[in-house]
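A short write-up of the structure that comes next.
Reminder, nothing fancy here: chain letters follow the sequence lines and each chain counts from 1.
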Protein chains: 2
Amino acid sequence: MGMGRPREFDAELALDQAMEVFWRHGYEGATIAQLTEAMGINPPSLYACFGNKEGLLKAALDRYTKLRNVWMDGVVAAPTARDVAERMLMGIAEKQTDPANPPGCLLVQGGVACGTGSENVPFELAARRAQNEDQLRDRFVRAKAEGDLKPTSDPAALARYVSAVSVGMGVMASSGSDCEALRQVATVAVQAVEAQSERR
Amino acid sequence: MGMGRPREFDAELALDQAMEVFWRHGYEGATIAQLTEAMGINPPSLYACFGNKEGLLKAALDRYTKLRNVWMDGVVAAPTARDVAERMLMGIAEKQTDPANPPGCLLVQGGVACGTGSENVPFELAARRAQNEDQLRDRFVRAKAEGDLKPTSDPAALARYVSAVSVGMGVMASSGSDCEALRQVATVAVQAVEAQSERR
DNA sequence: CCAGATATGTAGTGTTCGCTACAGATGTGG
DNA sequence: CCACATCTGTAGCGAACACTACATATCTGG
């Protein structure tokens, strides 16, 4: 039995284009017509490869978080909890205003509220954000064990906090805030982590 | 000349229902059918009264911000910048998880990204959020003048920061975080404002 | 009671949505 | 070269979308 005609487009390259459309217009705001045009393919190719619109989103999210996790590994490699927060938030200030991408964060712009039939999309995004929060929490647990964070500090709360700030920065970026404004937010935000750190 | 048949529904009451639909499903996720059903009216009444879907959203936003501003007046009445931040973020933790309303904040859930033809909706929401930020900034400017905040502090940056945190909390609330989790975020966040305050 | 004005309910309008049937093209295994 | 399998482009499916024409109902001013 034959293996059939090979696909003529690069799935990962097409995903990058789809990712950008979802990023800019959100899940519901992105149309199949816009997606197929950006991906350079026709609807049947899209559906054969990704199942449906939601499947395409999940594939794009997988790709997004994969790239993001590589970056996060570098973030949590910072020597102290304070430096982790600073590296993360300062990096986010730059990444979310990078003109190479749509402003903000796909995990937020993708859709915080959706209509009937797409209710699980916001949860899908939330689950990906939770991964980053877990990574931060683990890092802060270590920082507490190392005596970097105070014994009274709450690593989970700190991780939630840093995650919340980055989400807020993402929304600000998508509505026009420039890198400098976001860096100011990051600078202030880091001081809360500093307050939970042992003096040195 | 006669004044015509009077409308049979309460516009403000209907707006409250529309507000809830936009809040829960976002601008694009909310359909006219859902809106009219929740408002208890038929499409022609909606269009005669609010122009179109976007006009209805703006009217709902006006009502939302009006109620919110009353609350904000109480927030900025707190004696210190630190207390302003605490009162605001703790209040937001409760309000955004109040089961009487959809979770999160309409000014975020309404839509951070929209499709072609609704591009100005996110900006409309951002403009309303900016009002709150301005109110906070003015309050922090005063706090600095009063010697409550350090001379080196940046009131505008602080306001942006508090605003960013509240937006982030809103997204977390909409994706299932409970009040306690948000309060933890608020508790940490306040410490950054504290770090900018004069010791007393 | 009448004329003008506005609101309401019914029943649609045209458009766009996500998605797919189908025929032709292009590959593999025998 | 032939079955078979998979991809591709054209063309269009039914459904849902925002919105509205129209007849009717209910008001005010004279």
Which of parallel (below 30°), tilted (30 to 60°) and perpendicular (above 60°) describes B:Tyr27 and B:Phe22? parallel
Gap between atoms CD and P, on B:Glu37 and C:dG9 respectively (whole Å): 14 Å
Heteroatom pairs (N/O) under 3.5 angstrom, protein to nucleotides 16-20 of chain C:
unit_1	atom_1	unit_2	atom_2	d
C:dG18	OP1	A:Ala30	O	3.2
C:dG18	OP1	A:Lys53	NZ	2.9
C:dG18	OP2	A:Ile32	N	2.8
C:dC19	OP2	A:Tyr47	OH	2.9
C:dC19	OP2	A:Lys53	N	3.0
C:dC19	O5'	A:Tyr47	OH	3.3

Kindly indicate, with the supporting measurements, whether the criterion side chain to side chain contact (heavy atoms under 4.5 Å, CB included) is fulfilled by B:Gln131 and B:Asn69. CA-CA 9 Å; B:Gln131 290 177 13; B:Asn69 283 345; 4.2 Å; yes
Less than 4.0 angstrom from a charged side-chain N to a carboxylate O is my criterion; do A:Glu133 and A:Arg137 meet it? no
For atom CD of B:Glu119, decide whether the heavy atoms of other residues, nucleotides or ligands shown that lie under 6.0 angstrom number more than 12. yes
Is the shortest distance from a Lys or Arg side-chain nitrogen in A:Arg128 or A:Asp62 to a carboxylate oxygen in the other one below 4.0 Å? yes
Per B:Met3 side chain, nearest of listed nucleotides D:dG29, D:dA25, D:dT10: D:dG29
Inspect the surroundings of CZ in B:Phe123 and state if more than 12 heavy atoms from other residues, nucleotides or ligands are less than 6.0 Å away. no
Between B:Ser45 and C:dA7, does any side-chain N or O lie under 4.0 Å from OP1 or OP2? no
Distance-only donor-acceptor test (3.5 Å): side chain A:Arg5, base D:dC7: yes
Rounded to whole angstrom units, what separation is found between the CD atom of B:Gln34 and the C1' atom of D:dA18? 13 Å
When rounded to whole Å, the CD to P distance for the pair A:Glu8 and C:dA25 reads 12 Å
